[in-house]
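Please find one structure pasted underneath; my questions will follow.
Labels below follow one simple rule: chain letters A, B, ... track the order of the sequence lines, proteins then strands, and each chain is numbered from 1.
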Amino acid sequence: MDKIYSHKETEDRIYKFWEEKGFFKPEVNPKGKPYSIILPPPNANAPLHFGHAMYVIEDILIRYRRMKGDSALWLPGADHAGFETQFVFEKNLQKTGKSRFDYDRDTLYKMIWDFVQSNRPIMENQLKKLGFSLDWSRKKFTLDPDIISIVYKTFKKLHDDGLVYRGYRLVNYCTFDGTSFSDLEVIHKEKESSLYFVKYFFEKGGGNISVATTRPETIIADVAVAVNPKDKRYKDLKGKNVINPITNERLPIIFDSSVDMEFGTGALKITPGHDPKDFEIAQRNNLKGESLIGFDGKIKEGKYKGLYAKQAREKVAEDLEKEGLIEKIEKIIHQAPVCYKCQNIIEPLLMEQWFVKMEPLAKPAMEALKKGEIKISPKRLEKVLSDFLENIRDWNISRQIVWGIRIPAFKNKKTGGWVVTEGEAPTGGDWEQDTDTFDTWFSSSQWPFATLQTTKPDDFERFYPTDVMETGYDILRWWVARMIMMGLYKTGKIPFRDVVLHGMVNDPKGLKMSKSKGNVVDPLEIVNEYGADALRFALIFGTGLGNDQAASLPKFQNARNFANKLWNMARFIEMNRIQNSKLKIQNSPKNKVDKDIINKVQNLVKDVTKDLDNYNFNFAAEKVYEFAWHEFADKYIEDVKKRIDSNSYAVLESSYLAILKLLHPFMPFITEEIYQKLNLGESIMVEKWPSAK
RNA sequence: GGGCUCAUAGCUCAGUUGGUUAGAGCGUUACAUUGACAUUGUAAAGGUCAGAGGUUCGACUCCUCUUGGGCCCACCA
């Protein structure tokens, strides 16, 4: 053995060895208790980022359970990541001077397909570099025909059960990305705007009421002015009308208790075509409105036609000012809805979309949570989940992009009626398929059962519900919540028993990594520099489950040093090896130090096993680290090196073997390499997890 | 506006159900080392555990408040 451990000469070779031996398949323990984890499928198109490296937690669990004798399955996959991928693709397209509108649907889809297929191996190889013991013979892609078929069936079932409807609603539309989004894709950003106080004159009797708005350009689309019924200032306005300051149309004054009396003048212009709250108030009052702004972000008609909303705002304000219709202008800081991807303002627009009625789906999910059928670790995040489920709103699943699963809904060209199928076109009549695709999360929400139902016969029966769903807490609502709902809906069973959530990995200074800030650390560079084992160990060591951490170099260095320390313990053992000794540990060694170390190993095994069972990964890692380095190496080896004999050697080797096994889930490569170098057996992967008396 | 979370050594953070001298890594200082390992060892310096109350025989750990960060949710137009 060399003086220094070389991960570069070891890791790829070991991974290949494992794969060839078939050790990643649950079939290595055919009689074991089934244990399963579905890997959150990374975006097929993009390289892994540091968040993906946190899936090491899943590998730790899988390797631990496999060594315990379970029939452990860790199922890999890739996500087509609809909008995300099309966004990246379009960015690339832009560089060549083209846009998506230069191609027809099929061509564009084919182009993105090829783009994704050529990038997909990158991500998969990176998962291998990290040492993940995934069963590659079962890998799935969200656009596999059998997966698509399941997604179709789910949609049809939801539709037949009245849980999917086509609604003409105000949706979150990004005019820059050209698609609508669900509420989760909309984020709020603090913005300073002007609050215009506009005079609306009464139709009769003179006088005016002042209405505060940040969006004067939408005045044209006003359908009413609303005040709070409790507002004493406006008591006498019942039955009165005002005149639209731009169009001079008559607008009724309505009373709605959701109007905030404290804000502005307490009078709110109602523009159902552009504001969600207005839309709701209008619905309650049987008023209908229209969107004045088109999908291109420009005013569709009238005097301001062709102007972008922002330009129109200034022009309208100017015109109103000229006519003396603006009472005053104030500065206001408010939370503006923006697109999570491009950060541009979301324009609420009225359009027809497919919605999933969520309340009936959320109820069983909440019950499963309350009954403890599904447990969340760390516990505090359960509240985030239950709050989301309790306040759930209908889910817009239509996306105006081509990259994804096209919605199997067909419109009759004559009648305009819709038919939902399991993918096939309806016969008879003239039908046109919806051009929209599903929100990516609609297919991912079905991932646990969709994968297991399409891998190998009996996989679903054997491995569903899965044992653990491990992912970042940032997609708790986007993904985990929806998986629970869809799993319960489609299979009648929870999709997983335990939800284990890891924190975010930030840059070395603790700031969020982002491409625009240019502070992204590539996990594969760390693997290259320090080894996958070091990366894995560092990510677990010293960070409580669900807490964020900084990807700081000293941590990786320390973990690398620890790997080297382990390596040199093995060298010591190899150099002091006592051949032909029977390697039997006496039940009660005479030497007190030998006796102590045996007891300490026993306690360590107990502690680490318990910590793993409780998802206290950092405790487990810290304990083995502390023991291996500062107890076993610093004290025991120092003591035994002066007096080594066949009895003490047996204690030395067996204690070390226990450490190797406890460490294997965390640092799989080096523990395997040492195990083989010391001729302890074929592979540490098929060793049994140590047990403590 | 609501919720969650953090504030512990110079820096980055552990501290698991409250219990004797509060820990790790990095950094700093001194010494050692051709002998498993300098990707090492031994030792040392360094903390009023944000602040103020309270519960308790006992609190970094539980409760309340204050201050200062971070994150998430939310239709003040």
Handout entry: Set of side chain to side chain contact (heavy atoms under 4.5 Å, CB included) partners for E314(A), sequence neighbours left out
Key =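 Listed in chain order: nothing, the list is empty.
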Handout entry: Distance, rounded to the nearest Å, where E638(A) contributes CD and U40(B) contributes P
Key = 14 Å
Problem - Results of side chain to side chain contact (heavy atoms under 4.5 Å, CB included) for K635(A) - residues two or more places apart only - result: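 Counting only residues at least two positions away or on another chain, K635(A) forms a side chain to side chain contact (heavy atoms under 4.5 Å, CB included) with E631(A).
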Handout entry: For Y64(A), all residues meeting ring pair (Phe, Tyr, Trp, His ring centres under 6.0 Å), sequence neighbours excluded
Key = W689(A)
Practice task
Apply ring pair (Phe, Tyr, Trp, His ring centres under 6.0 Å) to F355(A) and list each qualifying residue two or more places apart in sequence or on a separate chain.
Solution key: Y165(A)
Exercise for the section: Kindly write out the residues that satisfy ring pair (Phe, Tyr, Trp, His ring centres under 6.0 Å) with Y636(A), not counting sequence neighbours, or none if the list is empty. Expected result: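 Residues passing ring pair (Phe, Tyr, Trp, His ring centres under 6.0 Å) with Y636(A): F632(A).
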Practice task
Taking side chain to side chain donor-acceptor pair (under 3.5 Å) as the test, write out the residues that go with R313(A), two or more places apart.
Solution key: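 In terms of side chain to side chain donor-acceptor pair (under 3.5 Å), with neighbours along the sequence ignored, R313(A) is linked to E217(A).
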Handout entry: Mate of A52(B) where both pairing distances stay under 3.5 Å, Watson-Crick or G-U
Key = U64(B)
Just the table, please: protein N/O against nucleotides 71-77 of chain B N/O, every pair under 3.5 Å.
| unit_1 | atom_1 | unit_2 | atom_2 | d |
| --- | --- | --- | --- | --- |
| C72(B) | O3' | R477(A) | NH2 | 3.3 |
| C73(B) | OP1 | R477(A) | NH2 | 2.8 |
| C75(B) | OP1 | R393(A) | NH1 | 3.2 |
| C75(B) | OP1 | R393(A) | NH2 | 2.9 |
| A77(B) | OP1 | H334(A) | ND1 | 3.0 |
| A77(B) | O5' | H334(A) | ND1 | 3.2 |
| A77(B) | N6 | D260(A) | O | 2.7 |
| A77(B) | N6 | F263(A) | O | 3.1 |
| A77(B) | N1 | D260(A) | N | 3.3 |

Practice task
In whole angstrom, give the distance that lies between atom NZ of K3(A) and atom C1' of C37(B).
Solution key: 8 Å
Practice task
Sorted by first residue and then second, give each salt bridge (charged side-chain N to carboxylate O under 4.0 Å, His left out) pair with at least one member in residues 547-569 of chain A; sequence neighbours left out.
Solution key: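 Residue pairs passing salt bridge (charged side-chain N to carboxylate O under 4.0 Å, His left out), neighbours aside: none found.
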Exercise for the section: Taking atom types as modelled, find out whether D183(A) and N172(A) have a side-chain donor-acceptor pair closer than 3.5 angstrom. Expected result: yes
Handout entry: Over 12 foreign heavy atoms within 6.0 Å of NZ, K199(A)
Key = yes
Practice task
Classify the nucleic acid contact of I573(A) as base, sugar-phosphate or nothing, counting any heavy atom under 4.0 Å across all strands shown.
Solution key: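 The residue I573(A) makes no contact with any strand.
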Practice task
Rounded off to whole Å, could you give me the CZ-to-P distance for the F619(A) and C13(B) pair?
Solution key: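 Atom-to-atom, F619(A) to C13(B), this comes out as 17 Å.
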Practice task
Pick base, sugar-phosphate or nothing for A633(A), based on heavy-atom distances below 4.0 Å to the nucleic acid.
Solution key: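 Counting heavy atoms under 4.0 Å across all strands, the contact made by A633(A) includes a base.
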Result block: side-chain N/O donor-acceptor pairs under 3.5 angstrom for residues 258-267 of chain A, not counting sequence neighbours:
| unit_1 | atom_1 | unit_2 | atom_2 | d |
| --- | --- | --- | --- | --- |
| S258(A) | OG | D256(A) | OD1 | 2.8 |
| S258(A) | OG | R284(A) | NH2 | 3.4 |
| D260(A) | OD1 | E262(A) | N | 2.8 |
| T265(A) | OG1 | S210(A) | O | 2.4 |
| T265(A) | OG1 | A267(A) | N | 3.3 |

Practice task
Remember a base hit wins even if backbone is also touched, and classify M575(A) as base, sugar-phosphate or nothing at under 4.0 Å, heavy atoms.
Solution key: sugar-phosphate
Practice task
Give one of base, sugar-phosphate or nothing for R560(A), where a contact means two heavy atoms less than 4.0 Å apart.
Solution key: base
Please produce a list of atom pairs where a protein N or O lies less than 3.5 Å from an N or O of nucleotides 24-30 of chain B.
| unit_1 | atom_1 | unit_2 | atom_2 | d |
| --- | --- | --- | --- | --- |
| G25(B) | O3' | N558(A) | ND2 | 3.3 |

Handout entry: Nucleic acid contacts of residues 218-233 of chain A, taken as heavy-atom distances under 4.0 Å to RNA chain B
Key =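 Output list: empty, so none.
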So which protein N/O to nucleotides 62-65 of chain B N/O distances come out below 3.5 Å?
none

